[in-house]
Structure formats: C-alpha cells, structure tokens
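Data first, discussion second: the structure below is written as structure tokens.
Only heavy atoms go into these numbers, but all of them, side chains included; no hydrogens, no water, no symmetry mates. Because the structure is a prediction, the values reported are computed rather than measured.
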Amino acid sequence: MAVNTETVVYRSLSLGAGVQSSVLALLLSRSDPRLLELGYPQPDVAVFADTGWEPAYVYAHLDWLERELDFPLLRVSAGDLRSNIKRGQTVSGHRFIDVPFFLVDENGKKGMLRRQCTNHYKIQPIYRHIRQLAGGRPGRPFPTDTHVEMWLGISLDEVGRMKPSREAWVEHRWPLVDLGMSRSDCLDWFSSEYPGRHLPRSACVICPYRSDQHWLELKRSEPSSFEEAVKFDRWLRSSRSNPVRQIVSGRPYLHSARRPLASVIAARESEGLENINHFNEECEGLCGI
C-alpha cells in the first residue's frame, strides 16, 4: 500500500461498541506502547452511530466505556430505524426498505433485500460528523493535501472486511490488524483487565445478520429486546397493507430460515447449541466491531 503523504488533520475511531472496537478504544485510551510505535496516538474522538434501536445493554456498555476513555466519545444519528421502517421509508424520506430482510414468494422462491442500513445509519452519519469536526465545509471540497484517518476495529481474523474508504479525504487504518490481534485475543485481554465484566456483542435489535447463537444470547440476556424482535417479525407479515409488504415482493422474515423468528429460535434452543446455524452471509461487521 502506498504511503499517504498528506497531512493528517484529524484522527477518529469508528466505534461499533462490540468486542474489537471496545478493546481498541481502551488500548488507545491507555496509550498502549505497541500502538504508539505503530503510529496510533490517542484519537481526537471515538464515534458511535446510533440507529435508535440498539439493545439496552449496548447503551449501558457505551455509558461505561465513555467513563473509561481519556478522549471524547461522540454519539451521532441519522434517524430512528424503527420509525422509518414502520413508515416504509429510509433516512432520506424516500419510500425504500434498507434492512436486508429475507423473502420468499408464493412459489417458494427465496430472495433477500439489499443491505443499505449499515451505510445509511452507520457509515454516512459518522463520515458526515467527522468531516465537520475536521474542518470540512458543506458543499466545499475537503482542504487539499490533508486527510482524516479513520481507525476501524477489524481484527486479524477478519482481514476480508478491510476495505478502503469511499471518500478521498478519509484514509482507513486497522490498528488491531497491525497489532496482530484476533477477536479471541481481544476477549482474552479484556477478561484479564476487567475480570467479571461482560463484553457484549453489538447489533441493532432486529438485525437479520444475527446468528442463531446471537439470537439466543439476546433472548437470554435481554428478553424484552428479543420479544421486540419477535413482535416486529410478526408485524412484517401481519397485513399486505403494511408499508413493508407494499414495497417488497414476497413475505419478509428476520431469520434466514424464512420462518417466524420465535419458532425457529425455540426449535434451535431445544436442539442444543451444536445444531445452531451461524449465519453471517454478507455481513461486513461494521455495525458492531
């Protein structure tokens, strides 16, 4: 990779509030010597993009993490995911469903909606706020010969998720990869530094990319959120007049089995963890790293 010779005017950590980005934030806050040697001082800010429909334990974890960090933790939002879906629209107000629901038509043909929620509710609001914080002006090109570094909590075992920035003024960097840390390394470090404290996964309540194990974790750790997901899954097919059914072709589901979420997870629970589907398909992990 060519070395970027432009001046770095701002450094930000994209915080998904999951395992990797949380551990990375804590390491940066401690000014870990290994990170300093690799050119990672404390960032100017950590940014979490809130869909408005995260599990309560994610918000509790963010509150705790904010108290632990020596740099600001900024929470941004593009809008409320739940309200927008119920209206059959996306953040721009257009008639569109941007969550990748699983579909099956009357003939049994299976499909899946294109995933746009990560871009609309996570990536875009983070970029927009960071650009402003770094001195970018609306409608004007970013200052020449300068760029922003955005650090992502992708770990060594997830190098396939490393992608360059879509914006010329942003350079992505991956500190955990440079450190040679895997997700299990992150968990080991956290358990040694914060014994007895749980480090949660992060994903919105209705994320279709949850594996069966992840659905079970949600059901056991936060039954109210799981019940919200179950009720929403039923609502998706409740009537052909609901906004989602008017837009998509076929019956939508939250689960890849294209059956009601409650019954699938109940069956998986009775079968035991060894038979659980660890579905992740196209998920890039950007929401909760």
Side-chain angles (χ1 to χ4, degrees), residues 1-49 62 65-66 68-76 118-119 121-136 141-190 193 199 201-202 283-289:
M1 181 185 298
V3 176
N4 195 331
T5 59
E6 296 176 347
T7 301
V8 179
V9 295
Y10 206 78
R11 295 177 174 88
S12 65
L13 170 64
S14 181
L15 185 71
V19 170
Q20 289 97 320
S21 66
S22 295
V23 167
L24 177 55
L26 292 165
L27 287 169
L28 289 165
S29 184
R30 296 181 177 201
S31 297
D32 185 280
R34 298 169 299 167
L35 285 171
L36 292 174
E37 187 175 348
L38 290 166
Y40 294 105
Q42 287 192 3
D44 295 291
V45 69
V47 188
F48 174 79
L62 279 170
L65 192 59
E66 187 170 20
E68 293 290 314
L69 299 181
D70 285 342
F71 46 83
L73 195 167
L74 177 65
R75 307 182 199 203
V76 302
T118 299
N119 186 40
Y121 289 91
K122 294 290 184 178
I123 297 174
Q124 287 187 13
I126 288 177
Y127 273 43
R128 184 166 55 250
H129 282 80
I130 290 300
R131 192 179 192 278
Q132 182 179 1
L133 289 171
F142 201 76
T144 58
D145 299 324
T146 64
H147 73 275
V148 169
E149 282 190 359
M150 187 172 292
W151 303 342
L152 302 170
I154 290 174
S155 52
L156 187 62
D157 50 316
E158 300 177 327
V159 292
R161 293 174 174 171
M162 294 168 59
K163 294 179 174 62
S165 170
R166 303 172 186 176
E167 302 287 345
W169 56 274
V170 176
E171 179 188 6
H172 284 174
R173 295 185 70 187
W174 303 274
L176 293 175
V177 173
D178 291 342
L179 278 177
M181 288 185 69
S182 66
R183 186 176 189 275
S184 61
D185 291 332
C186 292
L187 287 168
D188 289 344
W189 180 89
F190 188 83
E193 297 295 321
L199 189 56
R201 300 189 192 209
S202 178
C283 182
E284 295 181 353
L286 292 176
C287 296
I289 51 178

ask   = Mind checking what makes side-chain hydrogen bond (donor to acceptor under 3.5 Å, both in side chains) contact with Thr146, not counting sequence neighbours?
value = none

ask   = Does Lys122 count as lying over the ring of Tyr127, i.e. NZ or CZ under 6.0 Å from the six-ring centre, within 45 degrees of the axis?
value = no

task = Output all residues satisfying side chain to side chain contact (heavy atoms under 4.5 Å, CB included) with Gln132, sequence neighbours left out; order by chain, then residue number.
result = none

Any residue meeting side chain to side chain contact (heavy atoms under 4.5 Å, CB included) with Val8, in chain and number order, not counting sequence neighbours = Arg11, His147, Glu149

ask   = Considering residues at least two apart in sequence or located in another chain, which fulfil the ring pair (Phe, Tyr, Trp, His ring centres under 6.0 Å) criterion with Tyr10?
value = none

ask   = Where the side chain of Ser21 meets the backbone of Gly153, is there a donor-acceptor pair that is under 3.5 Å apart?
value = no

inquiry  = Nearest 0.5 Å, please: how far is CG in Asp188 from OG in Ser184?
reply    = 6.0 Å

inquiry  = Using the salt bridge (Lys or Arg N to Asp or Glu O under 4.0 Å) criterion, which residues pair with Arg183? Sequence neighbours excluded.
reply    = none

Non-neighbouring partners of Asp185 that pass side-chain hydrogen bond (donor to acceptor under 3.5 Å, both in side chains), sequence neighbours left out = Ser182

key: side chain to side chain contact (heavy atoms under 4.5 Å, CB included) partners of Ser29, counting only residues at least two apart   = Leu69, Asp70, Phe71

key: For Glu66, all residues meeting salt bridge (Lys or Arg N to Asp or Glu O under 4.0 Å), sequence neighbours excluded   = Arg75

remark   = Tyr40 meets the side-chain hydrogen bond (donor to acceptor under 3.5 Å, both in side chains) criterion, sequence neighbours left out, with Arg173, Asp178

ask   = Can you tell me how far CZ of Arg131 sits from OG of Ser12, rounded to the nearest 0.5 angstrom?
value = 13.5 Å

inquiry  = Among residues at least two apart in sequence or on other chains, which ones pass side-chain hydrogen bond (donor to acceptor under 3.5 Å, both in side chains) with Glu193?
reply    = Arg30

ask   = Can you list the residues that meet the salt bridge (Lys or Arg N to Asp or Glu O under 4.0 Å) rule with Arg34, with sequence neighbours excluded?
value = Asp32

